[in-house]
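This report concerns only the one structure given below.
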Amino acid sequence: MLRKKIEGFLFDQPNLDFRIFVVRVAVSLVVVSYTLAGPFDHFHVDAAGLLYRPVGPFRFIPALGFWAFYILKYTVAVSGLTFALGYKTRLSNAVFALSYFVFAYYVGHFSTQLFSYITHLNLFAIILCFVDSARFWSLDWVLEPARREQPSSKAHREFASFSLAFMQLYVIAFYVQGGGSKLLIGGVDWFLSGQTPYFGTIVAGTNLGLELTRFRWLFPGISLFTGFFELCFFLILWKPLRLIYAVTTLCFHFGILLSMNIFFYQLSSMVPLLFLLDDTRNHRKALAGLGVYVLCIGGLMAMTPLNAHPLATTETPHQTLPTVQPTD
């Protein structure tokens with residue numbers, strides 16, 4: 001029984017074409033919005049000679065000049081939008097995955113700290129290259145009507161299902177690893193003391209976050225919730241808890257945005273889309289709901305960063321000293 005459930009999860013997920021379509025659009029729009037609205041501008045041209053320190057097997061990628069950097073950046077944007085629309089899907093997917101891989105590698109090596117919460121976008125874009133993601137609502141599908149009637153092979157369906165399962169398991173592993181690293185490095189004290197979110201809010205918090213630091217007793221509860229939420233994230237695979245966990249994920253990251261001025265929309269926005277659409281049958285209604293969802297996520301993204309006064313500083317009006325008239 002358990003073996004059949006595992007095989008069904010890996011190789012026979014329901015509503016496959018629609019869910020792959022949703023992932024295709026989601027990955028594309030998240031990457032394009034993050035590339036265009038994120039902190040990727042002339043800094044990565046001006047400071048390349050000083051800060052770009054490539055390591056690993058792709059260290060052969062050189063520092064980019066003005067034209068090379070912006071051509072790469074807008075190649076990501078254009079190919080991402082083309083891929084989202086499903087036009088020349090295979091080609092645009094390949095260009096999108098390759099250009100964003102190089103772009104993410106390049107901007108990530110301006111610092112010794114690589115941000116793992118965007119790595120999933122690279123992996124998802126790459127794995128979609130091996131899936132026929134244009135089978136549902138794409139320009140290719142419109143321009144080639146005969147394509148709609150062509151049944152997909154069993155091998156294709158199995159690999160598409162495995163790709164979707166891989167994305168789900170990757171997200172689960174990301175959150176569980178986050179909770180596990182807190183337990184491994186910080187120990188039980190991380191969960192019981194609340195020091196990390198407390199001092200993190202003081203150092204980089206918003207106005208609301210700084211107000212919350214007046215209530216020190218709140219933060220052990222925040223730590224406990226964070227740790228158990230992350231360590232138990234695998235429970236999202238249990239169908240009765242999927243909606244609860246998906247909504248909690250959005251609220252969790254929204255709370256981090258409001259208090260610490262950090263919004264992981266690149267990751268959190270993907271969770272409901274990966275786990276909640278297996279029973280969707282009214283696709284037009286679902287598309288309208290997805291449009292509202294995109295607008296909400298875009299609105300939250302536009303709020304970032306919020307007004308913040310790090311290290312508990314406050315804005316005070318500058319006092320103008322009285323003018324002293326010179327005397328003889």
Side-chain angles (χ1 to χ4, degrees), residues 20-134 137-143 163 167 170 263-267 269-270 294 297-298 300-302 304-305:
I20 290 294
F21 153 75
V22 171
V23 173
R24 183 192 87 211
V25 174
V27 171
S28 302
L29 294 185
V30 168
V31 169
V32 170
S33 63
Y34 187 59
T35 301
L36 295 180
F40 312 120
D41 51 25
H42 60 85
F43 167 81
H44 292 93
V45 176
D46 300 338
L50 180 64
L51 297 179
Y52 178 58
R53 295 292 181 269
V55 296
F58 301 101
R59 59 182 177 272
F60 61 85
I61 298 176
L64 302 179
F66 177 88
W67 286 109
F69 177 78
Y70 280 100
I71 287 173
L72 177 62
K73 177 178 178 177
Y74 288 106
T75 297
V76 174
V78 173
S79 61
L81 292 175
T82 306
F83 181 47
L85 293 172
Y87 180 68
K88 301 293 184 183
T89 312
R90 292 284 192 182
L91 176 61
S92 59
N93 189 177
V95 173
F96 173 63
L98 178 60
S99 60
Y100 183 61
F101 179 86
V102 175
F103 185 82
Y105 176 89
Y106 184 76
V107 298
H109 283 79
F110 275 68
S111 167
T112 56
Q113 182 179 13
L114 301 181
F115 295 102
S116 59
Y117 58 81
I118 62 172
T119 306
H120 66 288
L121 296 172
N122 287 119
L123 295 175
F124 293 0
I126 290 171
I127 200 170
L128 284 172
C129 290
F130 303 95
V131 178
D132 186 4
S133 58
W137 284 350
S138 65
L139 286 178
D140 289 344
W141 183 74
V142 172
L143 296 174
S163 301
M167 297 177 197
Y170 183 94
F263 186 33
F264 298 103
Y265 83 95
Q266 306 93 329
L267 177 65
S269 63
M270 298 291 297
V294 168
I297 295 297
L300 292 175
M301 184 189 73
T304 311

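Since this is a predicted model, take the numbers as computed values, not measurements.
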One pair to check against ring-ring contact (aromatic ring centres under 6.0 Å, His included): F101 and F58. What are the steps and the verdict? CA-CA 10 Å; F101 179 86; F58 301 101; 5.0 Å; yes

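Listed by chain and number, the residues in a side-chain hydrogen bond (donor to acceptor under 3.5 Å, both in side chains) with T89 are D140 (sequence neighbours excluded). For N122, the side-chain hydrogen bond (donor to acceptor under 3.5 Å, both in side chains) criterion is met by no residue, not counting sequence neighbours. When the side-chain contact (heavy atoms from CB on, under 4.5 Å) test is applied to T35, the partners found at least two apart in sequence or on another chain are V31, K73, V76, Y100, F103. Every side-chain contact (heavy atoms from CB on, under 4.5 Å) that L85 has, sequence neighbours left out, goes to L139. For Y265, the side-chain hydrogen bond (donor to acceptor under 3.5 Å, both in side chains) partners at least two apart in sequence or on another chain are S33. Here L51 pairs with F43, A47, F110 under the side-chain contact (heavy atoms from CB on, under 4.5 Å) rule; sequence neighbours left out. Residues satisfying the side-chain contact (heavy atoms from CB on, under 4.5 Å) criterion with V95, sequence neighbours excluded, are T75, S79, L91. Under the side-chain hydrogen bond (donor to acceptor under 3.5 Å, both in side chains) criterion, D41 pairs with no residue, sequence neighbours left out.
Shortest non-hydrogen contact noted between A26 and M270 is CB-SD, 3.8 Å. Taking all atoms of both residues into account, the shortest heavy-atom contact from A97 to A125 is CB-O, 3.7 Å. Taking each heavy atom of A84 and V25 in turn, the nearest pair found is O-CG2, 3.7 Å.
At least one donor-acceptor pair closer than 3.5 Å links the side chain of H109 to the backbone N or O of Y105.
S163 OG to I127 CD1: the interatomic distance, rounded to the nearest 0.5 Å, is 3.5 Å. To the nearest 0.5 Å, atom CD1 of residue I118 and atom CZ of residue F264 are 11.5 Å apart. Within the model, atoms CD of Q266 and NE2 of H120 stand 7.0 Å from one another, a figure rounded to the nearest 0.5 Å. Taking CG from L64 and CD1 from I71, the interatomic distance works out to 10.0 Å, rounded to the nearest 0.5 Å. The CG atom of D132 sits 10.0 Å away from atom CZ of R24, with the distance rounded to the nearest 0.5 Å. To the nearest 0.5 Å, atoms CD1 (I20) and CH2 (W137) are separated by 15.5 Å.
The side-chain heavy atoms of F96 and V27, taken from C-beta on, include a pair separated by under 4.5 Å. Counting only heavy atoms from C-beta outward, the side chains of P54 and Y106 never approach each other to under 4.5 Å. With contacts defined as side-chain heavy-atom distances shorter than 4.5 Å, the pair L72/S99 qualifies. Inter-residue side-chain proximity for L121 and V30 is flagged as met; some heavy-atom pair is nearer than 4.5 Å.
Every pair tested for salt bridge (Lys or Arg N to Asp or Glu O under 4.0 Å) that includes a residue from residues 89-108 fails, sequence neighbours excluded, so the list is empty. Pairs passing the side chain to side chain donor-acceptor pair (under 3.5 Å) check and including a residue from residues 52-70, sequence neighbours excluded, do not occur.
Around CZ of F66, the count of heavy atoms belonging to other residues, nucleotides or ligands within 6.0 Å exceeds 12.
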